[in-house]
**Q** 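Questions regarding the structure given below will be posed in turn.
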Amino acid sequence: MEPKVKSAMQMKIQVRKKKTIVAKDRLFSFLFILPSILAIAIFVYGFIGWTGYVSLSNWNSQIPDFSFAGLKNYVSLFHDFRFQADLRNTAVFMILFIVLVLGMGLMIAVFLDQKIKFENLFRNIFFFPMALSFIVTGVVWQWILNPSTGVNLLMKKVGIEPMWYTSVKVIPGVEWGKIQVGIPIAVIAVVIAAVWQMTGFSVAMYLAGLRAIPDEVREAARMDGATEFQIFRKIIFPLLLPITISVIIIMAHISLKIFDLIYAMTGPGANFVTDVPGVYMFETTFRGNYYASGAAIAIIMLLSVAIFIVPYLLSNRKGES
Amino acid sequence: MKKKAGVPFYIFLVVFVFVVMFPFLWVLASSIKPATELFGDKAFTPFTDHPTFKNYVSVFANHPFLRYMWNSFVVAFITTVYTVFVASLASYAIARLDFKGKTVILGLVLSVSMFPQIATISPIYIFLKNVGLTNSYMGLIIPYTTFALPLSIWILVTFFRKIPFDLEEAAKMDGASLMQTYWKVIMPLAVPGIFTTAILVFIACWNEFLFALTINTEEKFKTVPVGIAMFQGQFTVPWGEISAATIIVTIPLVILVLLFQRRIISGLTSGAVKE
């Protein structure tokens with residue numbers, strides 16, 4: 001009898017111990033996460049809420065005025081020449097930037113994947129611009145593409161003299177709303193600088209993706225008589241699709257919130273040919289004291305980024321669980 | 001078996017390398033040129049006949065550049081240490097412990113890492129002004145945490161998930177408490193991941209511009225990116241000095257990349273590339 005009773009009691013104690021461990025785990029995990037949650041809840045979500053609130057107010061001078069203005073600030077933005085130009089520039093910048101970063105990144109990654117010599121050295125070289133700040137990139141390219149002192153001095157000898165970021169031309173420049181719709185030449189200059197800085201990222205991503213594809217997959221296709229190009233198009237490229245999507249999302253959100261590069265390289269530009277919402281927001285809020293208008297621009301930027309990242313994060317979550 | 005790369009490959013690569021390196025080399029060449037050779041016909045001579053370090057001296061003598069570098073370093077260092085510590089606790093809890101609402105919390109935290117900081121800048125500025133923290137180190141450390149924390153959690157969760165679960169189970173069986181397990185078993189294994197995260201957070205803070213420009217406007221508290229952006233005077237652009245300053249801030253980053261390239265890449269691509 002005795003041993004049985006003992007074991008039952010022991011079991012009870014063990015169960016109690018386990019329960020307290022689980023409870024303790026809960027408490028600790030709560031304590032572990034609390035500082036991060038609090039910081040992010042107050043300084044990010046709380047302040048975003050505040051920005052949203054201000055964007056619906058009449059606070060467009062130095063004196064705070066929280067009276068309700070409805071969507072007035074948003075409506076006037078969309079009728080504003082400068083903001084319309086910003087939307088055009090951002091769209092053009094985003095498309096050119098993403099296409100070039102993806103194309104060049106994939107190409108360089110495929111080359112680096114050919115078991116070449118000094119691969120590490122090449123990787124370092126392609127990667128290093130990424131560690132620089134957009135400010136340094138902007139300042140350096142402002143000089144290189146400066147029409148009067150930069151590479152134009154070389155191109156002059158061949159007889160071409162692009163105006164780069166000082167050009168106010170928009171191609172084809174169809175009148176629509178208040179602005180000319182098309183590709184502003186000046187934006188191309190900014191895209192070149194941004195692509196120079198960010199291509200290293202897509203190279204790294206694609207290279208990691210290419211390395212994850214087992215050699216046997218290629219071997220099998222080769223045995224079946226597929227050409228190298230067919231293998232790439234039909235097998236490798238589809239396998240790289242998740243990486244392509246990740247790179248697109250990351251580059252898209254960088255283009256939508258870009259500020260530093262434009263600020264350092266060109267500023268808003270004549271006729272706002274290189275202006276972006278970030279620069280507009282900064283100048284409206286901190287140079288002009290139009291807090292409500294500035295807040296409205298910030299909220300539009302936030303929503304445009306959310307369109308890209310929320311579905312992406314949701315699908316990522318699904319894939320994990 | 002893959003084919004071995006041929007000569008055309010290398011020619012192609014070298015051309016690309018030249019394109020990537022061109023801005024850097026040009027700035028390097030300009031930084032040691034006398035002012036008269038920066039423009040006009042001599043702008044494209046790769047090697048000047050009259051090399052000079054005047055620009056480098058001037059950066060430190062005529063501008064408080066050393067002060068900028070010190071400010072950047074202090075802010076980036078404190079933010080990194082503090083954020084990585086707080087984030088490592090949170091990431092461990094998220095990666096290992098089960099609790100209600102975990103996915104929601106993770107989603108809310110991670111989406112912050114992609115939010116435009118500009119959406120929080122004016123309330124943060126007003127808040128810091130009201131508590132008297134503009135033009136101080138704390139004035140930058142607080143807002144930097146808002147993007148450094150989600151970035152760190154993002155990278156660290158992936159690292160913690162890779163540590164085998166059995167190790168903790170074994171420690172628990174031996175009667176170790178959660179804190180003991182964390183400090184004695186998990187932390188030593190997570191050191192590479194924490195180190196990677198620290199490098200990335202440090203670079204992000206070192207390069208940050210928007211908050212630094214808005215919050216610390218006094219010369220005494222400006223950081224390097226703001227300093228470089230402000231080199232351009234109203235009427236003249238001192239390209240020689242700007243080149244020298246650019247080289248000075250670029251070299252530490254080049255060294256960091258050379259030393260830790262693998263770690264930096266693994267940190268950046270973690271989460272996005274599934275292994």
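Numbered from 1 within each chain, the chains take letters A, B, ... in sequence-line order. This one's a predicted model, so the numbers in the text were calculated from it and none came from an experiment.
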**Q** Heavy-atom distances under 4.5 Å only: say whether A:F30 touches chain B with side chain, backbone, both or neither.
**A**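 For A:F30, no heavy atom lies under 4.5 Å from chain B.
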**Q** Does the side-chain contact (heavy atoms from CB on, under 4.5 Å) test come out yes or no for A:I33 and B:Y92, once each step is laid out?
**A** CA-CA 9 Å; A:I33 297 176; B:Y92 175 63; over 6 Å; no
**Q** Answer yes or no: is there a side-chain heavy-atom contact under 4.5 Å between B:P116 and A:H253?
**A**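 B:P116 does not reach A:H253 side chain to side chain.
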**Q** Within this structure, what is the CZ-OG1 distance for the pair A:F43 and B:T145, rounded to the nearest 0.5 Å?
**A**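 Between A:F43 CZ and B:T145 OG1, I get 8.0 Å after rounding to 0.5 Å.
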**Q** What do you reckon, are the aromatic ring centroids of A:F32 and B:Y182 less than 6.0 Å apart?
**A**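 That pair passes the under 6.0 Å test.
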**Q** Answer with side chain, backbone, both or neither: which region of A:M107 has an atom nearer than 4.5 Å to a non-hydrogen atom of chain B?
**A**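 The answer is the side chain of A:M107.
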**Q** Does any backbone or side-chain atom of A:S36 lie under 4.5 Å from a heavy atom of chain B? Answer side chain, backbone, both or neither.
**A**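 A:S36 touches chain B through backbone and side-chain heavy atoms alike.
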**Q** Below 4.5 Å, heavy-atom pairs only: which of B:I153, B:L213, B:V224 has the largest tally toward chain A?
**A**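 The candidate making the most pairs under 4.5 Å is B:L213.
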**Q** What's the shortest heavy-atom distance between B:V20 and A:W196, and which atoms?
**A**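 B:V20 and A:W196 have their closest heavy atoms at O-NE1, 2.8 Å.
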**Q** So what's closer than 4.5 Å to chain B heavy atoms on A:V305: side chain, backbone, both or neither?
**A**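 Side chain of A:V305 only, per the 4.5 Å heavy-atom cut-off to chain B.
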**Q** Which atom pair, heavy atoms only, marks the closest approach of B:I118 to A:G278?
**A**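 Closest heavy-atom pair between B:I118 and A:G278: CD1-O, 3.4 Å.
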**Q** Testing the basics here: between B:I265 and A:A204, what is the closest heavy-atom pair and its distance to 0.1 Å?
**A**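 Smallest heavy-atom distance, with atoms named: CG2-CB, 3.8 Å.
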**Q** Taking the six-membered ring where the residue is Trp, are the ring centres of B:F209 and A:F134 under 6.0 Å apart?
**A**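 B:F209 vs A:F134: aromatic centres not under 6.0 Å.
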**Q** For chain B, find its close neighbours in residues 295-304 of chain A: heavy-atom separation under 4.5 Å, sorted by number, or none.
**A**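 A:A298, A:M301, A:L302 fall under the 4.5 Å cut-off.
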**Q** Could you tell me which portion of A:I108 (side chain, backbone, both or neither) has an atom closer than 4.5 angstrom to a non-hydrogen atom of chain B?
**A**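 Looking at A:I108, just its side chain touches chain B.
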**Q** Does B:T120 form a side-chain contact (heavy atoms from CB on, under 4.5 Å) with A:W50? I'd like the steps, not just the answer.
**A** CA-CA 8 Å; B:T120 60; A:W50 192 92; over 6 Å; no
**Q** For A:F308, which atoms come within 4.5 Å of any heavy atom of chain B: side chain, backbone, both, or neither?
**A**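 Neither part.
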**Q** With sequence neighbours left out, what residues match B:T214 under side chain to side chain contact (heavy atoms under 4.5 Å, CB included)?
**A**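 Residues passing side chain to side chain contact (heavy atoms under 4.5 Å, CB included) with B:T214: A:F282, A:F286, B:I121, B:Y125, B:L210.
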**Q** Identify the two heavy atoms, one from B:N207 and one from A:A131, that lie closest to each other, and give their separation to 0.1 Å.
**A**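 For B:N207 versus A:A131, the nearest heavy atoms are ND2-O, 2.9 Å.
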**Q** Could you tell me which portion of A:F128 (side chain, backbone, both or neither) has an atom closer than 4.5 angstrom to a non-hydrogen atom of chain B?
**A**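 Interface part for A:F128: both.
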**Q** What residue, out of A:S133, A:P129, A:G49, has the most heavy-atom pairs lying under 4.5 Å from chain B?
**A**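 Of the options given, most contacts go to A:S133.
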**Q** Which of the residues A:L256, A:V136, A:V44, A:I37 is involved in the greatest number of heavy-atom pairs with chain B at under 4.5 angstrom?
**A**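 Counting heavy-atom pairs under 4.5 Å, the top option is A:V44.
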**Q** Which heavy atom of A:M104 sits nearest to which heavy atom of B:F16, and what is that distance?
**A**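 In terms of heavy atoms, the two residues are closest at CE-CE2, 3.8 Å.
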**Q** So, does A:T51 use its side chain to make a donor-acceptor pair with the main chain of B:A119 at under 3.5 Å?
**A**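 Confirmed, A:T51 side chain pairs with B:A119 backbone.
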**Q** Between A:L132 and B:F24, is any pair of side-chain heavy atoms under 4.5 Å apart?
**A**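 Side chain of A:L132 against side chain of B:F24, heavy atoms only: no contact under 4.5 Å found.
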**Q** Against chain B, work out which of A:L112, A:L31, A:N120, A:L34 has the most heavy-atom pairs shorter than 4.5 Å and name it.
**A**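 Winner by heavy-atom pair count: A:N120.
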**Q** Please classify the contact between A:I135 and chain B as side chain, backbone, both or neither, with a heavy-atom cut-off of under 4.5 Å.
**A**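 Contact with chain B is through the side chain of A:I135 alone.
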**Q** Is B:P23 close to A:W143 at the side-chain level, that is, under 4.5 Å between some pair of heavy atoms?
**A**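 Sidechains of B:P23 and A:W143: no contact.
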**Q** Could you grab the distance from atom CD1 of A:I250 to atom CE of B:M114, nearest 0.5 Å is fine?
**A**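 Between A:I250 CD1 and B:M114 CE, I get 5.0 Å after rounding to 0.5 Å.
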**Q** Please determine, among B:V19, B:L89, B:L13, the option with the most heavy-atom pairs under 4.5 Å with chain A.
**A**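 Between B:V19, B:L89, B:L13, the count favours B:L89.
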**Q** To the nearest 0.5 Å, what is the distance between OG1 on B:T146 and CD1 on A:I42?
**A**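 Interatomic distance, B:T146 OG1 to A:I42 CD1, rounded to 0.5 Å: 12.5 Å.
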**Q** Who among B:L149, B:I203, B:V27, B:I94 has the most heavy-atom pairs with chain A under 4.5 Å?
**A**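 Among the listed options, the one with the most contacts to chain A is B:L149.
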**Q** Could you tell me whether the side chain of B:W26 and the main chain of A:I144 form a donor-acceptor pair under 3.5 Å?
**A**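 Side chain of B:W26 to backbone of A:I144, a donor-acceptor pair under 3.5 Å: no, none is there.
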